Amino acid sequence: MTWIELAWTVMASASLTLAGIHLFAWFRNRSQRAHLWFFALAASVPLFSVFEIFAIEAKTPAEYAFASKWAQVPLFLIITAFVAFVRTYLDAGRAWLAGGVLVTRAATLVLNFTTGVSVLHEEITELSHAVLWGAAVSAPVGVLNPWFIVPQISNVLLLVFVVDAAITLWRRGGETARRHAMLVGGSLVLCVGIAMVMGLAITTGVLRAPTPLTACFFLVVVAMGYELSRDLFQAAQLARELRESERRTELAARAAELAFWSWDPTRDDVWMSGKGRELFDLDPTVPIDRAALLERIHADDRDALREAWEGALRERGAFEKEFRVVLRKGGVVWIAVRGQAEAAQAGDRSLLRGVVLDITTRRRLEHEVEEQRNELAHLSRVATLGELSGSLAHEINQPLMGILSNAQAAQRFMASEPPNLDEVREILVDIVEDDKRAGEVIRRLRVLLKKGEVQHGLVDPGDVVGDVLRVTRNDLLNRDILLAPELAHDLLPVFGDRIQLQQVLLNLVMNACDAMTGVDRREIRIVARAVEGLAVEFAVCDTGVGVPPADIERIFEPFVSTKEHGMGLGLSVCRTIVAAHGGRIQAENNAGGGATFRLTLPLAPTDAK
Ligand code: ADP
């Protein structure tokens, strides 16, 4: 075996092996056409090498002509596959140039079989034999085919096509594009350049050497194979990383007790992880559609969920909801769902995907805390009213005394002869008035003392202040305290529970009263004003002793009190109530003495009822 045969065989087998690998890669993933084109290219190279060796070692002009004629077939395949590869894999190269290359190559093939002994020679008269490093090399001597120009044009077009593609890739920037430009573009320009120059020199008899095309094509195959294999390797690595990240996600999901789901609206197909099916009380294997899923959900929650779900799909956004699933064996499970609409990979079809979480325990605890808070609030209300009881008794006593003396007077007027009925009539009117007053006081007390569920609605800030003023009026008078409300005119309603808000203000006013026990100037200002059209601020400002600076951070904590019989619960309840209303409460000492408690509540949303 000569060195040329050895080298050509090695290159042919290596090409064939690479071709096999990428054919397999294409089978595994048919959408990646680049593998197919690479296969076509790499598999044509051995075929070409056979004809080339045959030509190099030809004994007669006929043998040479035969080999060089048939070599045009794999050459056509190689160039076609190559152009397709550059267009599909590198996404570069102008279409018209590619078309030009293919048309001229096809023409070459036709001319090859219809004119001369091949497209290169009109006839080959003899072979010149030379010995190159111990291997015999034949070269043709004869008349050139005038159509010889067509493959040359095709080669020039190919060269321009490759250079243009390499420039495009280089300009595209980025590490990969530039490497492609260098490796694939560079190797091709080199190969096509060498092949063209040497081919021309050998065909015209200037050079006596073996045609180097197999070696050139092999160079191209190696360069492109290297890039494609890199991709394969990266894909494998990505797949490994993906598996790893899937495992991690699964672990995290299990630790957080999350379940995954997705819904394909076009096929109405719901997928859910095992844990999800468990939560929704669904059999592990039955196929699920949206109706089947909604059926498991509590009738009161169904519409809200459906709306959130459809909204997310329409706006390609996210949604979050909490709802109940009714179990088949009875009872309910509270579930929180989070979802996101996303475009599915193929085409523009949208998909909803998300997680669900069992929040039954959280919900139960929240309910318990709510109940305890109501309980505490009630206790604190009772305590506050206890403090007020003296003056409240006085307030009820007054109309009762009025009624009594009026009734006695009426008795007297009735006893006189003749009975003075006009006077009695007037007295009766007074009695009715007094009775109404007493009834009003009792009604207000009953409302405040009522232990009931919190009822949220629109609350006028002015009404809250008014309520508190009415309940405290007598107490303030007795304690010789001046109370001046300053209400802005433009106050919009807040959304909340009127009684609870009354209680907060009442607490602040009572605390202010307590703080002014030993001072001479006793004044309270209640200011209600709008803050930037977003919130209402109530400020209760007194002229008392002020909060001890060391305690100012702590007074909102439970059981912090500086009073002898204080429970230290008032402010803590206030803070809880205010927080539940989405607001804030703060305390500060005034520069001129006394303290100011500020309470900010967000305005009711415009659609609140
Ligand atoms: P209590 O009134 O039972 O002490 P609170 O939680 O209502 O419980 O108040 C906690 C503490 O905050 C009070 O003991 C007092 O020291 C301080 N404090 C509250 N309001 C004022 C105020 N207007 N001026 C000065 N100190 C106040």
Side-chain angles (χ1 to χ4, degrees), residues 369 372-392 448-449 464-465 467-469 471-473 475-486 497 499-529 537-581 583-601:
V369 168
Q372 278 168 5
R373 201 176 62 209
N374 282 347
E375 196 79 18
L376 204 60
H378 177 245
L379 271 181
S380 153
R381 263 193 324 259
V382 174
T384 316
L385 284 172
E387 287 172 36
L388 286 171
S389 59
S391 64
L392 286 173
L448 256 177
L449 275 172
V464 181
V465 176
D467 289 341
V468 172
L469 289 185
V471 176
T472 51
R473 192 185 55 208
D475 207 50
L476 296 173
L477 274 177
N478 288 346
R479 296 197 194 194
D480 205 8
I481 295 172
L482 206 71
L483 194 149
E486 293 173 24
D497 181 79
I499 302 290
Q500 282 197 337
L501 295 178
Q502 271 176 27
Q503 189 198 343
V504 173
L505 267 195
L506 189 61
N507 249 314
L508 298 182
V509 172
M510 296 310 291
N511 275 346
C513 294
D514 290 346
M516 293 189 292
T517 315
V519 293
D520 295 335
R521 192 175 140 235
R522 297 185 206 146
E523 286 172 25
I524 300 178
R525 275 169 60 227
I526 302 186
V527 185
R529 63 181 188 101
E537 184 193 80
F538 296 91
V540 178
C541 180
D542 63 49
T543 52
V545 288
V547 185
D551 289 338
I552 203 147
E553 298 290 328
R554 299 169 51 237
I555 49 173
F556 291 100
E557 288 167 23
F559 310 115
V560 174
S561 175
T562 53
K563 298 173 195 166
E564 203 179 332
H565 301 293
M567 288 208 295
L569 275 181
L571 288 180
S572 119
V573 169
C574 287
R575 188 175 60 174
T576 319
I577 292 176
V578 173
H581 282 74
R584 256 179 315 123
I585 182 163
Q586 290 159 301
E588 68 201 32
N589 280 324
N590 306 330
T596 299
F597 283 73
R598 273 178 219 288
L599 142 72
T600 320
L601 295 171

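Just so you know, ligand 1 is whichever comes first in the structure, and atom 1 is the first atom listed for that ligand. On a predicted model such as this, the values are computed, not experimentally measured, just so you know.
- Among I499, N507, V504, the one residue that satisfies the side-chain contact (heavy atoms from CB on, under 4.5 Å) test with I577 is V504.
- Checked by distance only, ligand 1 and N511 come closer than 3.5 Å through their nitrogen or oxygen atoms.
- Under the rule for a side chain to side chain donor-acceptor pair (under 3.5 Å), E553 has no partner lying at least two apart in sequence or in another chain.
- In this structure, N507 falls outside the shell of residues with a heavy atom less than 4.0 angstrom from ligand 1.
- E588 is linked by a side chain to side chain donor-acceptor pair (under 3.5 Å) to R598, counting only residues two or more places apart in sequence or in another chain.
- Of the listed options K563, M510, M516, K563 places a heavy atom closest to atom 2 (O) of ligand 1.
- Of the candidates I481, L483, L469, D514, L483 is the only one forming a side-chain contact (heavy atoms from CB on, under 4.5 Å) with V509.
- Side chain of N589 to backbone of V547: a donor-acceptor contact under 3.5 angstrom is found.
- Salt bridge R525/E523: absent, no basic N to carboxylate O contact under 4.0 Å.
- Residue contact check: T562 has heavy atoms under 4.0 Å from atoms 13 (C), 14 (O), 15 (C), 16 (O) of ligand 1.
- The residue from D467, T472, L599 that alone fulfils the side-chain contact (heavy atoms from CB on, under 4.5 Å) condition with L505 is L599.
- When heavy-atom distances to ligand 1 are checked against a 4.0 Å cut-off, F556 has no atom that comes that close, whether in backbone or side chain.
- When heavy-atom distances to ligand 1 are checked against a 4.0 Å cut-off, S561 comes that close through both its backbone and its side chain.
- Close contacts of ligand 1 with V547, meaning ligand atoms under 4.0 Å from a residue heavy atom, involve 25 (C), 26 (N), 27 (C).
- Close approach to A512 involves these atoms of ligand 1, each under 4.0 Å from a residue heavy atom: 23 (N).
- Of all atoms in ligand 1, numbered sequentially from 1 with element shown, those under 4.0 Å from a heavy atom of V560 are 10 (C), 11 (C).
- The side chain of D542, and not its backbone, has at least one atom closer than 4.0 Å to an atom of ligand 1 (non-hydrogen atoms only; side chain from C-beta on).
- In terms of N/O distances under 3.5 Å, ligand 1 is not approached by S572.
- Near A515, meaning under 4.0 Å from any of its heavy atoms, are these atoms of ligand 1: 22 (C), 24 (N), 25 (C).
- A distance-only check finds no donor-acceptor pair linking the side chain of R521 to the backbone of T543 [under 3.5 Å].
- For ligand 1, the atoms closer than 4.0 angstrom to any heavy atom of F597 are 19 (C), 20 (N), 21 (C), 22 (C), 23 (N).
- For ligand 1, none of its N or O atoms has an N or O atom of P548 under 3.5 Å away.
- For ligand 1, the atoms lying closer than 4.0 Å to a non-hydrogen atom of I555 are 11 (C), 12 (O), 17 (C).
- Note that the CG atom of N511 and the CG atom of D542 stand 9.0 Å from one another [nearest 0.5 Å].
- L506 contributes atom CG, which lies 9.0 Å from atom SG of C574 (distance to the nearest 0.5 angstrom).
- Under a 4.0 Å heavy-atom criterion, G544 is not in contact with ligand 1.
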